[in-house]
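Reviewing the structure listed below.
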Amino acid sequence: MSSQTQLRLIIYEFSRKFQTKLSTQKLHSFVTKSQLARDPFFATQLVRFYELNDDLLSARKLFDVFPERSVFLWNSVIRAFAKAHRLGTAYSLFSEMLSSDTKPDSFTFACLARGFSESFDTTEGLRCIHGNAIVSGLGFDQICGSAIIKAYSKAGLIVEASKLFVSIPEPDVALWNVMLSGYGCCGFWDKGIYLFNVMLHRGNRPDCYTMVGLTTGLIDPSLLLIACSVHGFCLKMNLDSHSHVGCALVSMYSRCKCIASAFSVFRSILEPDLVACSSLITGYSKCGNHKEVLYLFNELRMSGKKPDCVLVAIVLGSCAELSNSLYGQEVHSYVIRLGLELDIKVCSALIDMYSKCGILDSAMALFAGIPEKNIVSFNSVILGLGLHGFASSAFEKFHEMLEMGLKPDEVTFSALLSTCCHSGLLHEGQEIFMRMKSDFGVEPKTEHHVYIVKLLGMAGILEEAFDYVMSLRRPIDSGIWGALLSCCEIHENTHLAEVVAEKILESEEERRSVYQVMLSNVYARYGRWDEVERLRDGISDSSGGKLPGISWV
DNA sequence: ATAGGGTTAG
């Protein structure tokens, strides 16, 4: 092995392991003095290294002076900017590439698509990338296709995603997997399972990521039966020992509020890493066992693992729910010791924690200290102000956010509606609810309907609240009926309460039998006729023997 | 050498 190659390997390893600013500078001065910086292979590695260190400036400098730009170098630098959400730069690099001698390949489009999947103006950006890919003759490419499908589905553009999927002649496993989880992301878990059946039918062998893809759509307790069957399938295919599958199963069971199963899957993971532990801790947090979250977090710290921003944010969420600022402050000081206090995720979680613990001043101070505020930090502070009854300040922050060019999302409106509820502002609430859809194109979800019902109910206009719920598209979430029910209780309207209770039972029943039929189809496919019989018996008992007409295959 | 798939803040 030549000394040159050795150095490359050392620095390649270096780039994977170290992530401190100090090492960037050391490496940088080292590289510029040596001849290494002229080597095309090495330049690509170096860009990757800079990317990992959030040092895009150095990456750009290196790229700009580099004489021979290989397609690898172009892709790496585009990838670095796309991943950091510097989409303008990523796109202008791409345009520059189009007019250069080096033509983009499938990786170029994959890198671009990845960045655009999380931007605000996704639809246009993605269509543009997709169009360019087609022009470059890569419209049916697997690598390019899988990245674009993923981006489309992350952005909720499931129609675009599936159109692209069906146009690709012989999808590989990764492509099937991306489409499966795409359906899950967009709330069509049933279509995902249908596609899974088609995939098997065409003789494709599922891998561990197929299983991970199937779990993505299983997001609430009503889907527990389906979740169990996915788990069963993992066991049967011997795919459950893979650590990524383990994590996905833990979080799937957590979303289904079945913490016992989540825990038993976790126990079966041989060497749980930080992500596995985070999945379990997130599970306890989702199930409302916040004491356990703090306990496990402590255990994790004792075991010498270093929590990351994601985990810290979740733990702070539990401190907020416990409404005890002592826990929160302890985690806050730990965060400072770890040097994570500037992270925007952590900071937003801290704001939320302090305002829910009644210390609004600390929350506001933290908010003021964030250099680049994003949608989440604004949402936290709006929610906090609303919670403390400062409705006009909350709306001021909302306008400030709009002036900064940030696009409000569903959580923003949730926070504003909650503000109105706390201050009893019926008309303001109704107005912002209207504007949410007409001015900002945000579709109302269960939580928004719940707030409207609460606003109407609290004002004592129960009949109007009832008519409002009846006007919603079916199926109506039982949470919405629940909100109305509690308003009926407060206003002691027993007549309406009875009607509402009836509706709740109805909707649950309907949902259950639909799921049972779907599950029985899964069993039928694998010849588990005993289970099928058991389930179908259950269905005839509960819904008069009539099966809804649903087909998976 | 550059992608793609485990947890994910409000």
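Values below: all heavy atoms of this structure, side chains included; hydrogens, waters and symmetry mates excluded. Below, chains carry the letters A, B, ... as their sequence lines are ordered, and counting in each starts from 1.
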| said: Distance check needed: B:dG6 P versus A:Leu274 CG, whole Å only. | reply: 15 Å
| said: Students often get this wrong, so: under 4.0 angstrom with heavy atoms, is A:Leu383 touching a base, only sugar-phosphate, or nothing? | reply: sugar-phosphate
| Whole-Å distance separating the CD1 atom of A:Ile370 from the P atom of B:dA9 | 16 Å
| message | Without decimals, in angstroms, what is the distance between A:Phe94 CZ and B:dT2 P? | response | 20 Å
| request: Would you list the pairs meeting ring-ring contact (aromatic ring centres under 6.0 Å, His included) in which at least one residue belongs to residues 358-387 of chain A, sequence neighbours left out? | output: A:Phe367-A:Phe378
| Backbone N or O of A:Ser355 within a donor-acceptor pair of the A:His388 side chain at under 3.5 Å? | yes
| said: Between P on B:dT8 and CZ on A:Arg255, what's the gap in Å once rounded to a whole number? | reply: 7 Å
| query | A:Glu51 CD to B:dT2 P: how many Å, rounded? | reply | 10 Å
| Donor-acceptor side-chain pairing of A:Tyr327 and A:His290 below 3.5 angstrom | no
| Out of A:Phe81, A:Phe109, A:Trp74, which one pairs with A:Phe94 under the ring-ring contact (aromatic ring centres under 6.0 Å, His included) rule? | A:Phe109
| remark: Closest of B:dT7, B:dG6, B:dG5 to the A:Asn177 side chain is B:dG5
| For A:Ser279, which contact category applies under a 4.0 Å heavy-atom criterion: base, sugar-phosphate, or nothing? | sugar-phosphate
| said: Using the ring centroid of each side chain, check whether A:Tyr284 and A:Tyr295 are separated by less than 6.0 Å. | reply: no
| request: Name every residue in residues 409-419 of chain A that has at least one heavy atom under 4.0 Å from any atom of DNA chain B, in order of residue number, or write none if there are no such residues. | output: A:Asp409, A:Val411
| query | Who pairs with A:Val411 by side chain to side chain contact (heavy atoms under 4.5 Å, CB included), at least two apart in sequence or on another chain? | reply | A:Asn379, A:Asp409
| task | Would you mind telling me which of B:dA1, B:dT8, B:dA9 lies closest to the side-chain atoms of A:Val310? | result | B:dT8
| field | Given B:dA9, B:dG6, B:dA1, the nucleotide with the shortest approach to the side chain of A:His244 | value | B:dG6
| side chain to side chain contact (heavy atoms under 4.5 Å, CB included) partners of A:Ala147, counting only residues at least two apart | A:Ala110, A:Ala113
| said: List the residues meeting side-chain hydrogen bond (donor to acceptor under 3.5 Å, both in side chains) with A:His242, not counting sequence neighbours, and say none if there are none. | reply: none
| Under 5.5 Å and under 30°: A:Phe107 stacked on B:dT2 | yes
| query | Which nucleotide in the set B:dT2, B:dT7, B:dG5 lies at the smallest distance from any side-chain heavy atom of A:Asp207? | reply | B:dG5
| said: Please enumerate all residues that pass side chain to side chain contact (heavy atoms under 4.5 Å, CB included) together with A:Asn204, with sequence neighbours excluded. | reply: A:Trp176, A:Met199, A:Arg202
| said: Given B:dT8, B:dA1, B:dG6, identify the nucleotide with an atom nearest to the side chain of A:Thr44. | reply: B:dA1
| remark: Across all chains, not counting sequence neighbours, the side chain to side chain contact (heavy atoms under 4.5 Å, CB included) partners of A:Asn75 are A:Val71, A:Met97, A:Asp105, A:Phe107, A:Thr108
| query | Taking atom C1' of B:dT8 as reference, at what distance in whole Å does atom CG of A:Leu311 sit? | reply | 10 Å
| field | Proximal nucleotide (of B:dG6, B:dT7, B:dA1) relative to the A:Ala276 side chain | value | B:dG6
| message | Please report the distance, rounded to the nearest Å, between CZ in A:Phe378 and C1' in B:dA9. | response | 16 Å
| message | Let's see if you get this right: which residues in residues 342-367 of chain A place a heavy atom under 4.0 Å from DNA chain B? | response | A:Ile344, A:Lys345, A:Asp352
Throw together a table of side-chain donor-acceptor distances under 3.5 angstrom for residues 262-277 of chain A, partners on residues two or more places apart or in other chains.
unit_1   : atom_1 : unit_2   : atom_2 : d
A:Ser264 : OG     : A:Ser261 : O      : 3.2
A:Ser268 : OG     : A:Val265 : O      : 2.6
A:Asp273 : OD1    : A:Val275 : N      : 3.3
A:Asp273 : OD1    : A:Ala276 : N      : 3.0

| task | Would you indicate which nucleotide in B:dG5, B:dA1, B:dT7 comes nearest to any side-chain atom of A:Ser251? | result | B:dT7
| Please give, in whole Å, the distance from B:dT7 P to A:Phe297 CZ? | 20 Å
| When all nucleic acid strands are considered with a 4.0 Å heavy-atom cut-off, which category describes A:Asp141: base, sugar-phosphate, or nothing? | nothing
| Which listed nucleotide (B:dG6, B:dT8, B:dT2) is nearest to the side chain of A:Arg48? | B:dT2
| remark: Per atom distances to the A:Val275 side chain, the nearest of B:dG6, B:dT8, B:dA1 is B:dG6
| Between B:dT2 and A:Lys83, is there an OP1 or OP2 to side-chain N/O distance shorter than 4.0 Å? | no
| message | Can you tell me which nucleotide in B:dT2, B:dG5, B:dT8 comes closest to the side chain of A:Phe72? | response | B:dT2
